[in-house]
Amino acid sequence: MTALPRMQPRGASILPILLFFVAALALFLFPSFVKKPYVLHMGVMLFLAIIQGQAWNVIGGYAGQYSVGHAAYFGVGAYVTMMLLEVNKIPPWWGIWAAIAASLILSAIIGSITFRLRGPYFVLASISVAEIIRLAALYFKDFTRGAEGFLLSEIPTLHVFGTEIVFIGKRPFYYTGFAIALVTIGANWAVQHSKLGYYFQAIREDQDAAHSLGINLTLYKNVALAISAAFTAFAGGFYAMYVKFIDPNAAFELRLSVEIVLIAIIGGIGTIVGPVIGAMVLVPMSEILRNPRGLVQIGVLAPDSRVVDFIEKHLANAHPLFYGILLVIVILFAPEGVLGVVRRIAARWRRRAPGETGAPASA
Amino acid sequence: MPMLDIRNVSKFFGGLAANSDVSFSVEQGAIVGLIGPNGAGKTTLFNCITGYYPPSKGDVVFKGVRLNGLQPDQVCRLGMVRTWQKVRPLAKMTVLDNVMVGALVRTSSLKTARAVAHEQLQIVRMDHRTDMLAGGLPIGERKKLEIARALATKPELLLLDEVMGGLNTGEKEEIILLILELKRRGFTQVVIEHDMKAIMRISDRIVVLNSGEKLTEGAPREVADNPDVIAAYLGERVGV
């Protein structure tokens with residue numbers, strides 16, 4: 001007698017969709033009630049992480065190709081948007097499309113090199129290609145300004161439907177990030193519920209089987225990477241406009257590639273909720289470590305709190321360490337991410353619930 | 001014109017000849033059994049036919065089209081599909097989704113693919129397993145899932161690689177009836193099998209491979225009585 005795992009019946013449940021809309025509405029109204037910059041900043045970083053995590057999810061979560069070189073697309077998105085604005089005076093809402101186009105071309109080149117490789121070799125190749133681009137950005141100073149980087153002077157005022165949007169303060173970025181995050185989640189949902197989603201997952205589960213069933217592996221891996229790269233570049237452009245300064249190390253760093261993977265892995269890969277949960281775990285953690293004074297600002301801690309002191313003195317640059325510890329914990333105890341743990345607990349709870357006959361399905 | 005024509009196919013791995021100069025053809029609607037001891041080159045031949053690697057020499061001609069150099073996905077689209085001896089379920093996808101992946105080669109509509117997948121699951125009598133994860137299936141049903149998934153690609157020619165391997169008598173009988181049912185439905189089939197009784201029962205012709213070469217070919221009775229076959233493979237006369 002083997003108990004066989006069962007999947008949820010298809011399409012029947014309205015609850016997640018309802019929850020999604022309630023959460024979206026709450027986040028939309030949030031800045032009307034909470035105006036503290038630190039909290040809005042946390043929101044912006046959260047949306048950014050969600051976009052990155054969802055974007056990686058397409059290639060890593062669905063298609064199972066663990067790219068650890070997504071900083072390449074992020075950096076290209078950031079640089080193209082920033083340079084078009086600073087050098088050519090092209091506003092970011094036009095520049096971002098050029099950035100996405102550039103990332104698509106880059107993804108086609110990187111894909112043609114790295115998809116010849118499988119498993120760990122693919123991971124290593126993706127890391128090296130991104131590092132090559134970082135070093136190139138440092139080296140070609142005439143074009144990229146090298147380590148000096150770009151400082152944003154001013155984002156022009158955006159006119160839509162007769163309203164003026166001035167990109168000053170956190171609020172406009174909060175809403176922009178929110179909108180891009182929604183679009184990215186929507187795109188992920190659309191991928192999951194299409195032929196692409198089935199093909200990506202088949203490639204993840206078994207490349208040879210997928211190949212024999214008529215799936216053009218090279219084509220579909222490249223399509224997955226292109227979708228992923230486009231949204232990552234979107235995130236990069238948004239990030240550059242928000243933090244207003246980029247240099248090759250900030251935009252192309254390996255740490256960034258790792259962070260992007262972590263968002264998805266910690267939440268639970270191959271799902272839509274996963275990267276959202278991952279972002280909700282990682283962003284507050286890294287923001288508090290980077291700037292514990294924020295907790296004072298929102299009144300969680302007293303200004304003379306020892307905690308703030310301790311973090312500032314000893315843990316100021318420790319967030320990569322915490323990422324590492326978190327990753328080890330997740331791999332050891334929750335290989336399917338936070339979402340996997342929640343599901344396991346839910347399943348146990350359901351089994352204990354009264355009224356059940358308790359007899360598991362048998363083979 | 002035969003549906004599948006294997007012409008002098010050889011496959012070398014370094015100095016090792018996994019197949020050398022193998023020729024035979026498969027007529028439309030027929031079941032051809034492919035037998036031979038372990039290491040005779042049966043699975044290698046399947047890999048050459050379906051594009052996993054190109055033959056070192058010789059041609060594979062399917063419906064008049066020379067397949068050399070085509071990729072497995074292109075071969076599948078032409079109407080020839082194989083199953084795997086070591087089953088390859090898409091473990092974290094449901095049984096229905098597994099079969100839908102096969103169906104999607106002919107359509108982009110999930111709705112159509114779902115309908116096709118349900119039909120195939122009925123043919124292999126697995127419609128009660130639709131929503132189960134493929135990774136949780138027992139071996140007998142994994143083998144049937146391989147067949148259902150292959151059928152969903154709407155092939156004309158099926159290459160079945162030991163679909164009865166590791167099954168009990170009842171399950172084997174079910175697969176035999178399924179293969180005969182597929183023949184009635186007009187599918188052409190090449191079947192690799194170790195179970196001699198089974199292969200004698202279902203095959204119109206049998207091709208015997210030994211050490212990469214074709215030893216003989218003929219009707220089941222002829223092959224079973226051939227002294228070379230008995231010596232190389234069977235070890236003793238089989239009473240069927």
Side-chain angles (χ1 to χ4, degrees), chain A residues 1-13 61-64 115-116 189-223 268-271 274 335-337 339-340 343 347 360-363, chain B residues 46-47 50-52 71-84 86-110 112-114 117 129-141 146 149-150 152-155 159 161:
Chain A
M1 297 261 286
T2 16
L4 294 160
R6 256 175 193 289
M7 276 267 282
Q8 295 262 334
R10 193 173 296 279
S13 114
Y62 294 132
F115 283 139
R116 292 158 197 259
W189 189 90
V191 164
Q192 203 185 27
H193 292 80
S194 73
K195 179 173 177 169
L196 284 180
Y198 279 80
Y199 271 22
F200 294 167
Q201 289 180 67
I203 292 171
R204 177 188 72 200
E205 292 299 315
D206 192 319
Q207 298 200 28
D208 287 324
H211 211 179
S212 74
L213 294 170
I215 299 177
N216 182 334
L217 297 180
T218 318
L219 173 69
Y220 282 95
K221 283 182 191 174
N222 276 299
V223 169
I269 65 168
T271 60
E336 291 185 11
L339 195 64
R343 278 195 186 139
S362 58
Chain B
F46 265 25
N47 285 338
T50 50
Y52 277 85
Q71 290 288 310
D73 58 297
Q74 295 170 306
V75 172
C76 173
R77 245 168 277 140
L78 285 176
M80 171 158 66
V81 68
R82 58 97 55 92
T83 66
W84 299 85
K86 184 179 169 292
V87 289
R88 294 175 172 275
L90 309 172
K92 284 183 187 159
M93 299 172 78
T94 64
V95 167
L96 184 68
D97 287 350
N98 265 260
V99 185
M100 279 176 71
V101 167
L104 283 167
V105 74
R106 305 282 177 217
T107 173
S108 288
S109 147
L110 293 188
T112 312
R114 197 165 288 138
R129 296 298 201 205
T130 317
D131 290 328
M132 193 168 287
L133 289 183
L137 290 174
I139 181 67
E141 293 190 319
E146 286 276 323
R149 211 167 58 177
T153 67
K154 299 274 174 202
L159 303 175
D161 195 349

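Each chain gets a letter, A, B and so on, in the order its sequence line appears, and its residues count up from 1. This structure is a prediction, so every number in the text was calculated from the model and none was measured.
- Closest approach of B/L110 to A/H193, counting heavy atoms only: CD1-O, 3.4 Å.
- Taking every heavy atom of both residues into account, A/Y198 and B/M93 meet most closely at O-CE, 3.9 Å.
- Closest heavy-atom contact between A/G214 and B/R77: O-NH2, 3.3 Å.
- A donor-acceptor contact shorter than 3.5 Å links the side chain of A/E205 to the backbone of B/K92.
- Between A/L213 and B/V101, the closest heavy-atom pair is CD1-CG1, 4.1 Å.
- Contact record, A/S212 with B/W84: OG-NE1, 3.4 Å, taken as the closest heavy-atom pair.
- The distance from atom CG of A/D206 to atom CG of B/L90, rounded to the nearest 0.5 Å, is 6.5 Å.
- Contacts of B/T50 with chain A are absent, with no heavy-atom separation under 4.5 Å from either backbone or side chain.
- Rounded to the nearest 0.5 Å, atoms NZ (B/K86) and CG (A/D208) are 10.0 Å apart.
- For B/T83, no part lies under 4.5 angstrom from a heavy atom of chain A.
- The neighbour count for A/Q192 CD, taken as heavy atoms of other residues, nucleotides or ligands under 6.0 Å away, is above 12.
- Atom CZ of B/R106 is surrounded by more than 12 heavy atoms from other residues, nucleotides or ligands within 6.0 Å.
- Heavy-atom distances place both the backbone and the side chain of B/L104 under 4.5 Å from chain A.
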